[in-house]
Amino acid sequence: GIQVEQSPPDLILQEGANSTLRCNFSDSVNNLQWFHQNPWGQLINLFYIPSGTKQNGRLSATTVATERYSLLYISSSQTTDSGVYFCAVEGGTSYGKLTFGQGTILTVHP
Amino acid sequence: DTEVTQTPKHLVMGMTNKKSLKCEQHMGHRAMYWYKQKAKKPPELMFVYSYEKLSINESVPSRFSPECPNSSLLNLHLHALQPEDSALYLCASSQILGSTDTQYFGPGTRLTVL
């Protein structure tokens, strides 16, 4: 099956700093989503981005499908950004099956 | 409204108990999913329903029994679970089963098996 690798595994920031999270995948994808999982376990959709670039406030994401990676940018980080960020992909023939990366644990200190 | 609801929020059960988890969405989605997430691990797909029919079963043990009684509801029946089944169980839905659609997740049920 498709492999998904996220880096870095852990990231510690001071409030106000910027960061970039990376997701590499091993095969072509039709679906790529970025999620933020809060401390209570809720998975919050950030972006549906199988290709191209999107922005939503302080967050933006870019997926370069031909090179099999996606980046999530967080600018001016806030303590509420803390949590686990997951990249999840659906491979070309795996309809409905989202495969998640191991996640990046982000801690933002005040 | 992009809300998926799950009940109960927390569940503690013994190994001989029978219990059920419930998931509901009113977005008109026709694909619904169960995921299992162990502590400090990513979610893993268990089952997928498409138009109320089981489409994917990721070799889940038979002590987990899914049911989709209608297009808005998804249940997961639990029987004779083991302590290692303790986890966060997440439900999700998407418009259709396919590759061009966002999956929306519920808040999860945190299950503890004693």
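Lettering follows sequence order; numbering is per chain, from 1. Since we're looking at a predicted model, the values are computed, not measured.
Within 6.0 Å of NZ in A:K97 there are 12 or fewer heavy atoms belonging to other residues, nucleotides or ligands. When the shell of 6.0 Å around CD of B:Q95 is examined, it contains 12 or fewer heavy atoms from other residues, nucleotides or ligands. A 6.0 Å sphere centred on CD of A:E5 holds no more than 12 heavy atoms belonging to other residues, nucleotides or ligands.
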Can you list the steps and then say if B:Y33 with A:L98 is a side chain to side chain contact (heavy atoms under 4.5 Å, CB included)? CA-CA 10 Å; B:Y33 312 77; A:L98 272 183; over 6 Å; no
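Cluster annotation: A:Y48 is not connected to A:I44 through the hydrophobic network of ILVMFWY side chains, with a link wherever side-chain heavy atoms come within less than 4.5 Å. In the hydrophobic clustering of this structure, A:V108 groups with A:L72; members are Ile, Leu, Val, Met, Phe, Trp, Tyr whose side-chain heavy atoms approach within less than 4.5 Å, directly or through other members. Using a 4.5 Å cut-off between side-chain heavy atoms of Ile, Leu, Val, Met, Phe, Trp and Tyr, with links allowed through other members, B:W34 and B:M27 fall into different hydrophobic clusters. Each of B:M32 and B:F105 belongs to its own hydrophobic cluster when Ile, Leu, Val, Met, Phe, Trp and Tyr are linked at side-chain heavy-atom distances under 4.5 angstrom.
Partners of A:Y69 under the side-chain contact (heavy atoms from CB on, under 4.5 Å) rule, at least two apart in sequence or in another chain, are A:R22, A:N24, A:V64, A:E67, A:L71.
Using modelled atom types, no side-chain atom of B:Q103 and backbone atom of A:N45 make a donor-acceptor pair closer than 3.5 Å.
Ranking A:T99, A:V84, A:I105, A:L43 against chain B, the residue ahead of the rest is A:L43, based on heavy-atom pairs under 4.5 Å.
Of residues 37-61 of chain B, those residues lying under 4.5 Å from chain A by any heavy-atom pair are B:Q37, B:K41, B:P42, B:P43, B:L45, B:V48, B:I56, B:E58.
Only the side chain of A:F35 comes within contact range of chain B, judged by heavy atoms closer than 4.5 Å. Heavy atoms of A:Q33 lying under 4.5 Å from chain B belong exclusively to its side chain.
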